[in-house]
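One structure is given below, encoded as structure tokens.
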Amino acid sequence: MHVVVVGNGPAAIGAIEALRETDPLSPITLISRESYPFYSPCPLAEYVEESVARRDLFLKAGDFYLRHKITTLMEHSAVSLDAASRVLRAKGGGCVVDIPYDRLLIASGARPVMPPVHGLGDTPGVFPLKTLDDADGIITRLGMTQSAVVIGSGFIGLEAAQALSRRGVAVTVVEALDQVLPMMLDAEFAAHVRDRLLRFGVDVLLSSPVRAVLGGARGVRSVLAGEREIDCQLVITAAGVRPDVAWLGDSGLAMGRGIIVNDRMETNLPDVYAAGDIIETSNWMGASDVVPTWPNAVATGRTAGHNIAGHERHFQGLVAVNVVRIFGQAVSSFGARYGERTLSVQTPETFRRLFLDKGRIVGGQFIGNVDGSGIYLELMRKGIDVSAVEDVLLSPRFTPARLLPAPPVPRVAVA
């Protein structure tokens, strides 16, 4: 059985490791756009700010591919899929390669969204922060940068803004919507994050869509956003990501926002699987969703790997879980940002909020002390009714044991 894997991220590697747990011999061919072995993009902002060393980005030993008997095609991009002939076509180094497969895993991830803004896609000094090459380009540009604009205020954008600020750059975050972290927090909690950014010297412009990026002899020189022109020598685009499906348009794959898969990571095509940021599948509430996070990528990749090997596994559903630190203050969220009822607790440095529907947790947000937030996530995933303990649910006195039934009282025989 020849297994072809498109991608070299957490879904691809998780799938290969799961496959190799029971199948040590089947040939595996891995195709990667990049030239680097498996690394984590999560700390790229810390790499830019010089708090994480380059070597610490890489997550596997140098002989990982050799030990797992993987043939690698690095710096190659998948360009088409002929499912009828079971052939994947890839291009790299000026050559086109046709790769036959018995089973195929598509785990090529997501690509940065580039808004249709004049000058954004072709002006030197404009970068996403998605790959190691992006980070290296940003670091090189810092030598001539006094001020920068970050387009988008999701967690990647705010991590980038923080990194640049710590490198001594004057930073302006530009957001088209009316709050920061719009996919992570509700408006009230987002206002606390914006206040912290301002306190640490990062300017934030809300309700200010970018109208143009203007260039000069040395690349980008300013950004037009809302009613302002912001001088800058560096622009980071962080307007979100989308599943990388453009090359699959004629493949016959069923697609919505991403490749549609079932809970075994099977597509509608025989022996073709997909996992990671590229997929659309059920979330923990049963709704079809796309949730591009590292934990989801690992879990869906491992599910795919087991099923490719012939060992049935079922994925329990995507969960939106995000954690970011804003100048030392932790911010985390999971699930929905709304509910029938809201429970909140606030102290000078800590903000906690849970959203409930029909007595069950459907989401949560935490700023400051995020200890214990994983407990609420598990209660949400298990669908446990917390109605009986709502009055103490967010207090230090709460423990999950309060939701368990009391142990039976032993019966004592009377002589």
Side-chain angles (χ1 to χ4, degrees), residues 1-16 18-19 23 26-33 70-73 76-92 95-114 240-283 286-292 296-297 299-315 317-318:
M1 178 178 69
H2 181 209
V3 179
V4 174
V5 177
V6 183
N8 192 28
I13 299 303
I16 288 169
L19 173 66
D23 180 353
S26 288
I28 298 174
T29 300
L30 180 145
I31 302 161
S32 175
R33 287 190 297 260
I70 303 168
T71 300
T72 58
L73 288 177
H76 279 68
S77 295
V79 294
S80 65
L81 168 62
D82 183 344
S85 300
R86 293 179 177 250
V87 171
L88 181 89
R89 175 164 289 184
K91 183 181 294 186
C95 299
V96 173
V97 184
D98 286 339
I99 308 163
Y101 65 85
D102 296 305
R103 293 189 178 172
L104 171 67
L105 172 64
I106 302 172
S108 47
R111 287 189 179 272
V113 172
M114 295 295 284
V241 296
R242 289 189 184 133
D244 177 26
V245 296
W247 62 279
L248 291 163
D250 297 325
S251 65
L253 281 167
M255 285 192 244
R257 289 174 290 164
I259 300 173
I260 295 172
V261 297
N262 62 17
D263 64 358
R264 290 167 44 110
M265 301 300 110
E266 296 169 317
T267 71
N268 64 305
L269 298 179
D271 294 319
V272 178
Y273 298 75
D277 293 357
I278 199 169
I279 66 169
E280 179 177 340
T281 194
S282 296
N283 64 21
S288 186
D289 209 348
V290 175
V291 185
N296 285 327
T300 58
R302 288 191 58 80
T303 301
H306 283 299
N307 285 299
I308 289 170
H311 301 282
E312 188 166 337
R313 295 290 190 277
H314 297 271
F315 180 60
L318 300 168

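Residue numbers count from 1 along this sequence.
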*Counting only N and O atoms by type, is there a donor-acceptor contact under 3.5 Å from the side chain of Thr29 to the main-chain atoms of Thr71?*
no
*Heavy atoms only: give me the nearest Arg257-Ser288 pair and the separation to one decimal.*
NH2-O, 3.3 Å
*asked:* Determine whether a donor-acceptor pair (N or O, by modelled atom type, separation under 3.5 Å) exists between the side chain of Arg103 and the backbone of Val3.
replied: no
_Which heavy atom of Asn307 sits nearest to which heavy atom of Arg264, and what is that distance?_
ND2-O, 3.3 Å
*So with a 6.0 Å cut-off around CZ of Arg89, is the heavy-atom count from everything else above 12?*
no
*Report yes or no: does Ser251 contribute a side-chain atom to a donor-acceptor pair with the main-chain N or O of Leu253 at less than 3.5 Å?*
yes
*asked:* Would Tyr101 and Leu81 count as a side chain to side chain contact (heavy atoms under 4.5 Å, CB included) here? Give the steps.
replied: CA-CA 11 Å; Tyr101 65 85; Leu81 168 62; 3.7 Å; yes
*Can you tell which of Thr267, Asn268, Ile106, Thr300 makes a side-chain contact (heavy atoms from CB on, under 4.5 Å) with Val261?*
Thr267
*Does the Arg313 side chain pair with the main chain of His306, one donor and one acceptor, at a distance under 3.5 Å?*
no
_Spatial distance of atom CD (Glu280) from atom CG (Asp289) [nearest 0.5 Å]_ = 7.5 Å
_Any residue meeting side-chain contact (heavy atoms from CB on, under 4.5 Å) with Ser282, in chain and number order, not counting sequence neighbours_ = none
_Separation between CE of Met265 and CD1 of Ile308, rounded to the nearest 0.5 Å_ = 11.0 Å
*Enter the distance from Leu88:CG to Ser80:OG here, rounded to the nearest 0.5 Å.*
7.0 Å
*asked:* Give me the atom names and distance for the closest heavy-atom approach of Asn8 to Ser32.
replied: CB-OG, 3.6 Å
*After noting the C-alpha distance and the side-chain angles of Ile28 and Leu19, does the key distance pass the side chain to side chain contact (heavy atoms under 4.5 Å, CB included) rule?*
CA-CA 10 Å; Ile28 298 174; Leu19 173 66; 3.6 Å; yes
*Check whether any side-chain N or O of Asn296 sits under 3.5 Å from a backbone N or O of Val291 as a donor-acceptor pair, and report yes or no.*
yes
*What residues, two or more places apart in sequence or in another chain, satisfy side-chain hydrogen bond (donor to acceptor under 3.5 Å, both in side chains) together with Ser77?*
none
*Mind listing the closest non-hydrogen atom pair of Gly7 and Ala12 along with its distance?*
O-CB, 3.3 Å
*Decide yes or no on side chain to side chain contact (heavy atoms under 4.5 Å, CB included) for His2 and Ile99, but give the supporting numbers first.*
CA-CA 10 Å; His2 181 209; Ile99 308 163; 4.0 Å; yes
_Residue pair Ala299 / Phe315: nearest heavy atoms and the distance that separates them_ = CB-CE1, 3.7 Å
_Which heavy atom of Ala15 sits nearest to which heavy atom of Leu105, and what is that distance?_
CB-CD2, 3.3 Å
*Could I get the full list of side-chain contact (heavy atoms from CB on, under 4.5 Å) partners for Pro243, not counting sequence neighbours?*
Val245, Ile278, Val290
*Checking side chain to side chain contact (heavy atoms under 4.5 Å, CB included) for the pair Leu104/Asp271: CA distance, chi angles, key distance, verdict?*
CA-CA 6 Å; Leu104 171 67; Asp271 294 319; over 6 Å; no
